[in-house]
Amino acid sequence: MSFTITVEPSGRSFETEPGERILQAGIRQGIGLPYSCQDGTCGSCKVRKLSGTVVHGPHQQKALSDAEEAEGYILTCCGVAQSDVVIESRQVTHAGAFPVRKMPARVALLEPLAADVMRLQLQLPANNDLQYHAGQYLEFVLRDGSRRSYSMASAPHRLMESGAPMLDLHLRHMPGGKFTDHVFGAMKEKEILRIEGPYGSFYLQAEAPNPIILLASGTGFAPIKAMLEHMQFMGITRETVFYWGARRPHDLYMDAWVRGKLAQMPHLSYVPVISDALPEDQWQGRSGLVHRAVLQDFPDLSAHQVYACGTPAMVDAARRDFVQQAGLPDYEFFADAFTSEADKVAG
Ligand code: FES
């Protein structure tokens, strides 16, 4: 039996087929609910259920605890409706979210950005009609059918910058992972890969007026870079502070690029935060956990909007502490827990 899912406060609705997960049904019908891992691990798709009955497939307690479920929260990525359901999500995207496309992509450039970070530039087919928001990601579909997700590191307006359709990704090497071992080993320019996208609900809510905190760890910088390019291109001048966390200074692999943007974007400031500097690094800047640096500078986040991308541990801690300790409204926290770890796990 099909059921109707209604999303408040927008009032948008869609139908689920028998046994279909709520998130999948939403994506299929162009309703962009928030999500990231799609397998019950990250908690990005957690929303409050206002009415109706939902049963969950397997998921981790850290994504949705029994207590949260008892309070009426659900994970849309592994929840199946048993009746008409009303949920609350302020992050639902507008009608006409960009359609998901599949296409071949040619490796145009492999450029090391650090010892363990590669810029992979992909050339898309000339007749492609890929559209995406800065901050979204694509998936590589590997020969065995497994997938790897990477955020676009270049803003959409740059797609045709060089005359041919190109986009950039930043890949971190996960030793033992079959995909990134290949990227850092035998991959050659002109190799053809299969991609699918865009995916994800992690992108700038352009109509909001709030000041912005951008927060990244490691290659979580990639979608943040695309967002900064997009903000500059669109003339968005909301006060923005970018915190980039890394273990050691050389892990801030495009530090000079960010500093270059500061001169061009007067509303932007930048706080690099290092967690494990060695004496030879002679690090003079901020130290510790990157999300703690945000809290030191902004003990009150009640009027901010936060965009966080990085390791699941960083994103989880930031969401919890910003909401509980600094009064950030839960719906103003936008996150993408990037999935390069998946290569190691599945490799
Ligand atoms: Fe649902 Fe990650 S737990 S998207």
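Whatever order the structure lists ligands and atoms in, that order sets their numbers, starting from 1.
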So, Tyr270 versus Phe242, ring centres under 6.0 angstrom or not? yes
Just say parallel, tilted or perpendicular for the rings of Phe202 and Tyr307, cut-offs at 30° and 60°. perpendicular
Which ligand 1 atoms are under 4.0 Å away from a heavy-atom of Gly43? 2 (Fe), 3 (S)
is_close_aromatic(Tyr253, His170), centroid dist under 6.0 Å: yes
Atoms in ligand 1 with a heavy atom of Cys45 nearer than 4.0 Å: 1 (Fe), 3 (S), 4 (S)
Who gets closest to atom 4 (S) of ligand 1 by heavy atom: Gln38, His59, Gln60? Gln38
Counting from 1 in the order shown, the ligand 1 atoms closer than 4.0 Å to a non-hydrogen atom of Gly40 are 3 (S)
Do you see an N/O/S atom of Cys78, backbone or side chain, under 2.8 Å from atom 1 (Fe) of ligand 1? no
Between Thr41 and ligand 1, which residue portion shows a heavy-atom distance shorter than 4.0 Å: side chain, backbone, both, or neither? backbone
What class does the angle between the rings of Phe221 and Trp244 fall in, given that below 30° is parallel, 30 to 60° is tilted and above 60° is perpendicular? parallel
Enter the distance from Leu130:CG to Leu124:CG here, rounded to the nearest 0.5 Å. 6.0 Å
Per-atom contacts of ligand 1 with Cys77, taking only distances under 4.0 Å to non-hydrogen atoms: 1 (Fe), 3 (S), 4 (S)
Less than 4.0 angstrom from a charged side-chain N to a carboxylate O is my criterion; do Arg286 and Asp297 meet it? yes
